[in-house]
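Structure, as structure tokens:
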Amino acid sequence: MRQTVIRMVYLTTGIICVILGLIGVALPLLPTTPFILVAAFCFSRSSERLHQYLLNHKIMGGVIREWEEHGVIPFKVKLLSTTMMLVMVTYPLLFKEFHLGLKAAMTITIIIALVYVWSRPSLPKAKSEEI
């Protein structure tokens with residue numbers, strides 16, 4: 001009984017993370033990739049079918065496999081995520097009127113996200129040692 005409850009918690013959390021990740025595609029302060037990675041983790045403990053679906057997804061599958069196997073964020077993904085974050089926040093920060101505190105929170109959030117993304121390795125250890 002306890003295992004079933006734990007699996008359901010993981011499954012529910014995974015589904016919520018996928019939904020948040022999809023919303024994050026359009027909202028600048030809601031990152032997509034971390035939610036999809038958390039969803040993959042949750043599905044690996046609750047639904048092998050959903051976990052395999054994410055691993056084999058044509059857009060996110062490679063990123064998830066790289067993260068699960070090596071803890072890396074590929075360089076192209078770093079560039080894309082940085083570009084998207086900056087593009088999505090530049091217009092509101094510069095041209096929309098809203099509370100300065102919200103603008104500061106938005107800026108700090110983006111900076112923290114960028115520091116995290118760029119602090120992760122771009123290549124698996126074995127490949128980076130070859131170069």
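Not measured: the values here are computed from a predicted model.
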Kindly give the heavy-atom pair with the smallest separation between [X] and [Y], and that separation in Å.
X	Y	result
Thr82	Leu114	OG1-CD2, 3.5 Å
Leu93	Lys103	O-NZ, 2.9 Å
Gly24	Thr32	C-OG1, 3.2 Å
Val117	Met85	CG2-CE, 4.4 Å
Val18	Ala39	CG2-CB, 3.6 Å
Ile64	Ala40	CG2-CB, 3.7 Å

Verify same cluster id: [X], [Y] (apolar side-chain graph, 4.5 Å):
X	Y	result
Ile111	Ile73	no
Leu50	Ile6	no
Leu86	Leu102	yes
Leu22	Val38	no
Ile16	Val5	no

Given the ring of Tyr116, does Arg120 sit roughly above its face, with NZ or CZ under 6.0 Å from the centre of the six-membered ring and within 45° of the axis?
yes

Atom [atom1] in [X], atom [atom2] in [Y]: separation rounded to 0.5 Å?
X	Y	atom1	atom2	result
Met60	Leu37	CE	CG	6.0 Å
Tyr91	Lys96	OH	NZ	4.0 Å
Leu20	Thr13	CG	OG1	10.5 Å
Ser44	Leu54	OG	CG	10.0 Å
Ser46	Met8	OG	CE	8.5 Å
Ile112	Thr107	CD1	OG1	11.0 Å

- Evaluate the criterion side chain to side chain contact (heavy atoms under 4.5 Å, CB included) for residue pair Phe75 and Leu123; output intermediate values, then yes/no. CA-CA 8 Å; Phe75 185 74; Leu123 296 171; over 6 Å; no

Distance-only side-chain donor-acceptor flag, His51 / Glu68, under 3.5 Å
yes

Practice item. Please confirm whether the backbone N or O of Val72 pairs with a side-chain atom of His70, one donor and one acceptor, at under 3.5 Å? Key: no

The test is side chain to side chain contact (heavy atoms under 4.5 Å, CB included); show your working for Tyr53 and Glu48 and say whether it passes. CA-CA 8 Å; Tyr53 175 80; Glu48 187 57 33; over 6 Å; no

Any non-hydrogen side-chain atom of [X] less than 4.5 Å from a side-chain atom of [Y]?
X	Y	answer
Phe35	Ile23	no
Phe95	Thr90	no
Met106	Pro92	yes

Practice task
Indicate, with yes or no, if the rings of Phe41 and Trp67 have centres closer together than 6.0 Å.
Solution key: no

**Request:** Dump the intermediate steps for side chain to side chain contact (heavy atoms under 4.5 Å, CB included) on Thr4 and Arg7, then the final yes or no.
**Result:** CA-CA 5 Å; Thr4 303; Arg7 285 188 68 211; 5.8 Å; no

If you count the non-hydrogen atoms of other residues, nucleotides and ligands that lie under 6.0 Å from CD in Gln3, is the total more than 12? no

